[in-house]
Visitor: 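One structure is given below, represented as structure tokens, and several questions about it will come after.
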Amino acid sequence: MKIASWNVNSLNVRLPHLQQWLADFAPDVVGIQETKLEDHKFPDTALLEAGYRSVFAGQKTYNGVALLSRQPAQDVQIGIPGFEDAQQRVIAGTVGGVRIINLYVVNGQDVGTEKYGYKLRWLEAVREWVRSELAIYPKLVVLGDFNIAPDARDVHDPAVWNEQHILTSAAEREALRALLDLGLHDAFRLHHQEAGVFSWWDYRAAGFRRDLGLRIDLTLVSDALKAEAIDAGIDREPRTWDRPSDHAPAWVQLA
DNA sequence: ATGGTGGTCCTACCA
């Protein structure tokens, strides 16, 4: 089973890319972030024609998440239970006996800002929810745009992307570590140790052309799935297409 | 290091 995560940065603009990539890559499940679409505008019919069922939680202009799957998702959950949030950043469902939690983690703007505080509170709420989900669903995948680069190998310039910088700050990395400590594994690092494999390149300053990227799109697998996670990676191909998302899809293959 | 680009919506805000 191939499970993927892709921040499309507007599904309205990127639907042709998504359709092409679904045909090329043929994932079984995809978590989508930044759809930026209200639910009545979600292209579920077009995706069904591509062979995928959709569940989604969107809003106007910002955020918005969806879960696409060849088989219908069961027990769909929108939002973090018990955590009031006006922003649509979470959708979960069960496909083929695997619980999949799709996250669009708060960006956080800059260290110390109000949005940064929201990011850390949000991550804490996610962690406590994932703790309870793991107790119910040992076979769990947490994927999405984490807006956190796990370590120095995951940034093009560790001197710039340091412990004071957004996406790499100490508190953000500690929040990711606390999530992993529940019994999750960064699937990419189970199989690849090299530095310089990125999933996001800033549109600004010709980031992709110069390969000034970060790896912030992750697929985490639970202890019970660790042996089944036979490979993971990032598909840079759609980032080379005309008018691309700033993110490339991250994926994990389960045996 | 700064500023640069892109999406939404049309004026800034977010990333």
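Numbered from 1 within each chain, the chains take letters A, B, ... in sequence-line order.
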Visitor: Tell me whether the OP1 or OP2 atom of B/dT2 has a side-chain N or O from A/R204 closer than 4.0 Å.
Guide: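 No.
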Visitor: Calculate the interatomic distance between A/K36 atom NZ and B/dC14 atom P; express it in whole Å.
Guide: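 Going from A/K36 (NZ) to B/dC14 (P), I get 12 Å.
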Visitor: Over how many whole Å does the gap from A/R210 atom CZ to B/dA1 atom P extend?
Guide: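 After rounding, the reported distance stands at 13 Å.
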Visitor: Counting only Watson-Crick pairs (N1-N3 plus N6-O4 or O6-N4) and G-U wobbles (N1-O2, O6-N3), all under 3.5 Å, who is the partner of B/dG3?
Guide: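 When the pairing criteria are applied, nothing turns out to pair with B/dG3, so the answer is none.
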Visitor: Taking the side chain of A/R243 as its heavy atoms from C-beta onward, which of B/dG7, B/dG3, B/dC14 lies nearest to it?
Guide: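 Nearest nucleotide to the side chain: B/dG7.
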Visitor: Given B/dT8, is OP1 or OP2 found less than 4.0 Å from the side-chain N or O atoms of A/S10?
Guide: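 So the side chain of A/S10 is within the cut-off, an N or O lying under 4.0 Å from OP1 or OP2 of B/dT8.
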Visitor: Please answer whether the main-chain N or O of A/T94 pairs with a side-chain N or O of A/Q74 as donor and acceptor at a distance below 3.5 Å.
Guide: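 Checking the backbone N and O of A/T94 against the side chain of A/Q74, no donor-acceptor pair under 3.5 Å is found.
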Visitor: So what does A/R209 hit on the nucleic acid, given a heavy-atom distance under 4.0 Å: a base, only sugar-phosphate, or nothing?
Guide: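 It contacts nothing in the nucleic acid.
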Visitor: Using a heavy-atom cut-off of 4.0 Å across all strands, would you classify A/Y104 as base, sugar-phosphate, or nothing?
Guide: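 Sugar-phosphate only.
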Visitor: Could you give the distance separating B/dA1 and B/dC13 at their C1' atoms, to the nearest angstrom?
Guide: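 Their C1' atoms lie roughly 24 Å apart.
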Visitor: Can you check the A/W200 CH2 to B/dG6 P distance for me, whole Å?
Guide: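 My rounded result for the distance is 14 Å.
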Visitor: Parallel, tilted or perpendicular: which fits the ring planes of A/H192 and A/F188, with parallel below 30° and perpendicular above 60°?
Guide: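 The rings of A/H192 and A/F188 lie parallel, inter-plane angle below 30°.
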Visitor: Decide yes or no for A/H156 and A/L214: does some side-chain heavy atom of the first lie under 4.5 Å from some side-chain heavy atom of the second?
Guide: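 Yes - at least one pair of side-chain heavy atoms lies under 4.5 Å apart.
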Visitor: Whether A/K115 contacts B/dC14 is assessed here as follows: a side-chain N or O lying under 4.0 Å from the phosphate OP1 or OP2. Is that the case?
Guide: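 For B/dC14, OP1/OP2 do have a side-chain N/O of A/K115 under 4.0 Å.
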Visitor: List, by chain and then residue number, the residues other than A/Y52 in its hydrophobic cluster (Ile/Leu/Val/Met/Phe/Trp/Tyr, side-chain heavy atoms under 4.5 Å); write none if there are no others.
Guide: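 A/Y52 shares its hydrophobic cluster with A/W6, A/V8, A/L11, A/L15, A/L18, A/W21, A/L22, A/F25, A/V30, A/I32, A/L37, A/F42, A/L47, A/F56, A/L68, A/W241, A/W251.
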